[in-house]
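What's counted below: heavy atoms across the whole structure, side chains too, no hydrogens, waters or symmetry copies.
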Amino acid sequence: MLKIELCPGNDIGKIRIISTLANEIWREYYVPILGKTHVEYMLDKFQSQEYIKTGINDGMQYYLLAFESEYIGYFAISADLTDLFLSKFYIKAKYRGKGHGKQIMTFIEDVAKKEKLQKIYLRVNKKNTKSMSLYTKFGFNISETLVTDIGGGYFMDDYKMEKLMV
């Protein structure tokens, strides 16, 4: 059974685990999509321990995913008055396709319902067809194209995907 653990902002050990998972998962999954230098830049900028700690302190909720005795991934969400933003959703390769994603998405939807939010939204790279397919299966639809300059000569070229909760 998958265990979903909230990561407190003062738990440096768990923040370190999230950052370590990000480094492993991102290099395996995103290098073929974005290239090595782009991935390294994004890891340093958006998946470092300091970035994660700052995010938690600013209201982002990070969750570690544990299966048996191993941490296998993580996700992060934040909410405003009407919407829930799914910021991160990453699982180690050997644990994909085993139903964990569905379990996580059910958890996220339950949070949105409990808070009476209107929709869940996320960003996904346009070349990340595997994830887009999964999100579509979970009821998300493309609502917008987003291109964001993240510095260093790099851009995020994404689709915004949304799932209405009402």
Side-chain angles (χ1 to χ4, degrees), residues 2-31 33-34 37-67 69-92 95 100-101 103-125 128 131 134-135 138 140 143-144 146-163 165:
L2 184 69
K3 184 176 176 189
I4 300 172
E5 302 174 12
L6 180 63
C7 178
N10 62 352
D11 192 332
I12 301 304
K14 287 190 177 177
I15 290 170
R16 186 178 306 115
I17 291 168
I18 291 169
S19 185
T20 300
L21 283 165
N23 278 275
E24 176 186 340
I25 295 167
W26 270 69
R27 286 186 177 103
E28 172 265 324
Y29 192 85
Y30 286 105
V31 167
I33 296 171
L34 301 173
T37 57
H38 193 161
V39 167
E40 295 301 323
Y41 179 81
M42 289 186 73
L43 282 169
D44 185 54
K45 188 166 177 97
F46 300 117
Q47 304 292 337
S48 68
Q49 292 179 46
E50 190 58 39
Y51 182 87
I52 294 165
K53 184 175 181 177
T54 299
I56 292 170
N57 291 336
D58 289 344
M60 184 70 64
Q61 295 178 325
Y62 278 80
Y63 292 86
L64 273 165
L65 307 170
F67 185 73
S69 61
E70 182 181 357
Y71 286 113
I72 66 165
Y74 67 102
F75 68 94
I77 57 175
S78 66
D80 61 24
L81 294 176
T82 59
D83 303 330
L84 184 100
F85 175 45
L86 174 53
S87 174
K88 292 158 183 42
F89 187 172
Y90 306 111
I91 301 174
K92 286 183 175 184
Y95 293 100
H100 300 306
Q103 206 175 333
I104 297 160
M105 192 55 68
T106 299
F107 177 91
I108 293 166
E109 289 175 3
D110 288 346
V111 169
K113 288 173 188 172
K114 180 181 174 193
E115 298 298 321
K116 298 179 176 34
L117 301 174
Q118 296 175 10
K119 68 182 170 190
I120 301 169
Y121 71 96
L122 56 89
R123 293 177 71 135
V124 61
N125 184 280
N128 189 351
S131 292
L134 179 68
Y135 294 134
F138 291 145
F140 285 78
S143 63
E144 194 175 341
L146 304 167
V147 178
T148 307
D149 185 341
I150 58 170
Y154 297 105
F155 292 84
M156 290 180 12
D157 190 12
D158 298 334
Y159 289 122
K160 180 178 180 182
M161 296 185 78
E162 300 178 338
K163 179 175 183 170
M165 299 303 298

**OP:** Go through the steps to decide whether M165 and E109 satisfy the test side chain to side chain contact (heavy atoms under 4.5 Å, CB included), and finish with yes or no.
**Re:** CA-CA 8 Å; M165 299 303 298; E109 289 175 3; 4.0 Å; yes
**OP:** Kindly indicate, with the supporting measurements, whether the criterion side chain to side chain contact (heavy atoms under 4.5 Å, CB included) is fulfilled by M42 and I150.
**Re:** CA-CA 9 Å; M42 289 186 73; I150 58 170; 3.7 Å; yes
Heavy-atom side-chain proximity of [X] to [Y] below 4.5 angstrom:
X: F89; Y: M105; result: yes
X: L117; Y: T82; result: no
X: S78; Y: Q61; result: no
X: L122; Y: F140; result: yes
X: I72; Y: L64; result: no
X: R123; Y: M156; result: yes
X: K53; Y: I12; result: yes
X: I15; Y: C7; result: yes

For the [atom1] atom of [X] and the [atom2] atom of [Y], what is their distance to the nearest 0.5 Å?
X: K45; Y: Y51; atom1: NZ; atom2: OH; value: 8.5 Å
X: N128; Y: D157; atom1: CG; atom2: CG; value: 12.0 Å
X: T54; Y: E50; atom1: OG1; atom2: CD; value: 4.5 Å
X: D11; Y: R16; atom1: CG; atom2: CZ; value: 9.5 Å
X: I52; Y: I18; atom1: CD1; atom2: CD1; value: 5.5 Å
X: L146; Y: M161; atom1: CG; atom2: CE; value: 12.0 Å

Original post:
Which heavy atom in G9 sits nearest to a heavy atom in N57, and how many Å separate them?
Top reply: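 What the structure gives for the nearest pair is CA-OD1, 4.4 Å.
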Original post:
If you take all heavy atoms of Y41 and G152, which pair is closest and at what distance?
Top reply: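 Closest heavy-atom pair between Y41 and G152: OH-N, 3.5 Å.
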Original post:
Out of Y95, Y74, Y71, Y29, which residue meets the ring pair (Phe, Tyr, Trp, His ring centres under 6.0 Å) rule with Y90?
Top reply: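 Of Y95, Y74, Y71, Y29, ring pair (Phe, Tyr, Trp, His ring centres under 6.0 Å) with Y90 is met by Y74 alone.
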**OP:** Flag the pair K113 and E115 as a salt bridge only when some basic side-chain nitrogen lies within less than 4.0 angstrom of an acidic carboxylate oxygen.
**Re:**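 The answer is no: the pair does not qualify as a salt bridge.
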Original post:
Between E28 and K92, is the closest basic N to carboxylate O distance under 4.0 Å?
Top reply: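 Looking at K92 and E28, the cut-off is not met.
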**OP:** Decide whether T37 and Y154 meet the rule of one side-chain donor and one side-chain acceptor closer than 3.5 Å.
**Re:**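 Checked: T37/Y154 side chains pair up, N/O donor to acceptor below 3.5 Å.
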**OP:** Please work out whether the ring planes of Y63 and F75 are parallel, tilted or perpendicular, with thresholds of 30° and 60°.
**Re:**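 Correct class here is parallel.
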Subject >> Greater than 12 external heavy atoms within 6.0 Å of K14's NZ >> reply: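 Atom NZ in K14 is crowded, with more than 12 foreign heavy atoms closer than 6.0 Å.
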**OP:** Could you walk me through whether I108 and I120 pass the side chain to side chain contact (heavy atoms under 4.5 Å, CB included) test, one step at a time?
**Re:** CA-CA 9 Å; I108 293 166; I120 301 169; 4.0 Å; yes
Original post:
Is it true that a side-chain atom of S19 and a backbone atom of Q47 form a donor plus acceptor pair closer than 3.5 Å?
Top reply: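 Pair found, side chain donor or acceptor close to backbone of Q47.
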Subject >> Y135 vs V124, side chain to side chain contact (heavy atoms under 4.5 Å, CB included): CA-CA, chis, key distance, verdict >> reply: CA-CA 9 Å; Y135 294 134; V124 61; 4.2 Å; yes
Subject >> Ring-face cation of K160 near Y121 (centre distance under 6.0 Å, axis angle within 45°) >> reply: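 Geometry flag: set, cation within 6.0 Å and 45°.
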